[in-house]
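Computed from heavy atoms alone, side chains included, the values below leave out hydrogens, waters and symmetry copies.
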Amino acid sequence: MNKVLLILALTLSLVAETLTLSGSVISDNQKMITSRFMGFVTNVYVSEGEQVKKNQILYTIDSREIDSATRQSELSLQMYQNQYTNLKLNLDRYKRLLQKDMVSKYEVENLELAALNLQDMISIAKARLQEVQNQYKYLNVKAPNNGVIVAKNIKVGEMAMPGMPAIVLSDLSELKISAEIPESNLALISHGKKVIIEIPSLKLKAIGKVSAIIPNSNPMTHTFKIKVSFKTNSKSIYPGMYATISIN
């Protein structure tokens, strides 16, 4: 009888020393995908919940803005090239006249200087045209890494705006569990501490490690956010799943 009571007392003691926190699975590499340029959406190739590969095209926008910039750059380049051609003809003529002492050396030097300036302008215009033409590749907005589409905020025909998140992509290879721990229990954890994580819906249980303690308490609940990293071979874990963290 005494042995039973002793075992019961030890069991209760062990239970009392285990802190269980409720949390959820998160992606520690979640990206807000946006377009670099403003334009109407011409195609959307993905839907919410779809898994995508790195460099897969997510959506495309029209090229009117870049087309306009390209035409302006081409016109500027053509103008400088025409000016240089005319100036070069005039410079050659002045050089011949200089040999006959019909113009001054000063006039020829001024034309030579103007020709050099136009050559610089042509080089700048060519670089600008190349820069604008390189922007066509950004009309196809691609996935920066493998992941799953967790939100899609664009439709064909809508205006894509730079800086406005169009698609939210979560990387499923960098999943963690986020939870809040009471301030009074903060001393129980430290960076690198091993804990037990569980995802009840999958009947999954594994060893995790405290990877982050966010030093910013919630003034309403006096809790701190923590993140726990874990490894598993399961491919059925998704951000938002309910999980628990058990801390001894």
Side-chain angles (χ1 to χ4, degrees), residues 27-46 52-147 149-171 174:
S27 171
D28 210 36
N29 183 23
Q30 184 163 289
K31 293 184 174 72
M32 306 293 179
I33 310 299
T34 181
S35 57
R36 183 169 294 196
F37 303 103
M38 182 174 67
F40 287 101
V41 178
T42 55
N43 289 287
V44 180
Y45 299 103
V46 295
V52 298
K53 300 292 186 180
K54 182 179 180 179
N55 291 326
Q56 181 176 332
I57 297 177
L58 305 177
Y59 65 95
T60 59
I61 60 177
D62 67 22
S63 61
R64 276 179 283 184
E65 184 179 349
I66 300 178
D67 289 342
S68 176
T70 299
R71 285 193 295 270
Q72 291 178 1
S73 297
E74 289 174 340
L75 289 173
S76 295
L77 176 59
Q78 188 62 53
M79 179 186 69
Y80 290 131
Q81 287 175 332
N82 291 340
Q83 289 178 355
Y84 179 76
T85 299
N86 293 332
L87 183 59
K88 190 69 169 57
L89 292 173
N90 204 26
L91 175 60
D92 292 340
R93 185 172 65 86
Y94 265 62
K95 284 181 177 180
R96 291 193 299 270
L97 292 174
L98 178 63
Q99 292 176 349
K100 299 178 181 179
D101 291 329
M102 297 178 68
V103 296
S104 67
K105 186 178 180 181
Y106 175 76
E107 291 175 290
V108 174
E109 289 176 345
N110 281 342
L111 288 174
E112 289 176 336
L113 181 60
L116 289 174
N117 288 336
L118 276 174
Q119 284 180 324
D120 290 340
M121 296 303 294
I122 289 172
S123 297
I124 293 172
K126 285 182 177 179
R128 171 58 182 164
L129 178 59
Q130 185 63 51
E131 180 183 344
V132 172
Q133 290 176 336
N134 286 340
Q135 293 174 357
Y136 278 103
K137 63 185 178 182
Y138 296 115
L139 298 178
N140 294 324
V141 182
K142 300 179 180 180
N145 52 261
N146 298 347
I149 306 297
V150 296
K152 179 172 70 70
N153 304 316
I154 54 167
K155 297 177 181 177
V156 173
E158 293 182 342
M159 179 68 73
M161 303 292 290
M164 296 295 291
I167 287 176
V168 181
L169 178 68
S170 283
D171 185 353
E174 295 190 33

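- For the pair L169 and I149, the minimum side-chain heavy-atom distance is below 4.5 Å.
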Would Q56 and Y45 count as a side chain to side chain contact (heavy atoms under 4.5 Å, CB included) if you check the C-alpha gap in whole Å, the side-chain angles of each, and the deciding distance to 0.1 Å?
CA-CA 9 Å; Q56 181 176 332; Y45 299 103; 5.8 Å; no
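- Applying the salt bridge (Lys or Arg N to Asp or Glu O under 4.0 Å) test to pairs two or more places apart or on separate chains, those with a residue in residues 84-98 are K88-D92, K95-E112.
- I61 places a side-chain heavy atom less than 4.5 Å from the side chain of L139.
- Side-chain contact check for Y84 and N117: no donor-acceptor pair (N or O, by modelled atom type) lies under 3.5 Å.
- Of the N and O atoms on the side chains of K31 and N29, at least one donor lies less than 3.5 Å from an acceptor on the other residue.
- For G163 against T34, the heavy-atom pair with the smallest separation is N-OG1, 3.1 Å.
- Counting non-hydrogen atoms of other residues, nucleotides and ligands closer than 6.0 Å to NZ of K126 gives a total of 12 or fewer.
- Using a 4.5 Å cut-off on side-chain heavy atoms (C-beta onward), S76 and L129 make no contact.
- Closest approach of N153 to P165, counting heavy atoms only: ND2-O, 3.5 Å.
- Interatomic distance, I167 CD1 to S35 OG, rounded to the nearest 0.5 Å: 10.5 Å.
- A distance of 4.0 Å separates CG of N140 from CD1 of I57, quoted to the nearest 0.5 Å.
- The nearest pair of heavy atoms linking V44 to Y59 is CA-CB, 4.0 Å.
- The CD atom of Q135 lies 3.5 Å from the CZ atom of F37; values are rounded to the nearest 0.5 Å.
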Checking V41 against K155 for the side chain to side chain contact (heavy atoms under 4.5 Å, CB included) test, could you report, in this order, the C-alpha distance in whole Å, the side-chain angles of both residues, the deciding distance, and whether it holds?
CA-CA 7 Å; V41 178; K155 297 177 181 177; over 6 Å; no
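- Under the 4.0 Å criterion applied to side-chain N and carboxylate O atoms, R71 and E74 are not assigned as salt-bridge partners.
- Remark: side-chain polar atoms of S63 are not paired, donor with acceptor, to backbone N or O of I66 under 3.5 angstrom.
- Heavy atoms from other residues, nucleotides or ligands lying under 6.0 Å from CE of M164 number 12 at most.
- Looking at heavy atoms from C-beta onward, V132 lies out of side-chain contact with Q72 at the 4.5 angstrom threshold.
- Of the inter-residue distances, the one linking N55 atom CG with N146 atom CG reads 9.5 Å to the nearest 0.5 angstrom.
- Of all the heavy atoms in S170 and V150, the pair that sits closest is OG-CG1, 3.6 Å.
- Closest approach of S73 and R128 over heavy atoms only: OG-CG, 3.7 Å.
- The shortest non-hydrogen separation linking Q83 to L118 is OE1-CD2, 3.4 Å.
- Distance check: D67 CG to Y136 OH gives 3.5 Å after rounding to the nearest 0.5 Å.
- To the nearest 0.5 Å, atoms CD1 (I122) and CG (N82) are separated by 9.0 Å.
- For R36, there are no salt bridge (charged side-chain N to carboxylate O under 4.0 Å, His left out) partners, not counting sequence neighbours.
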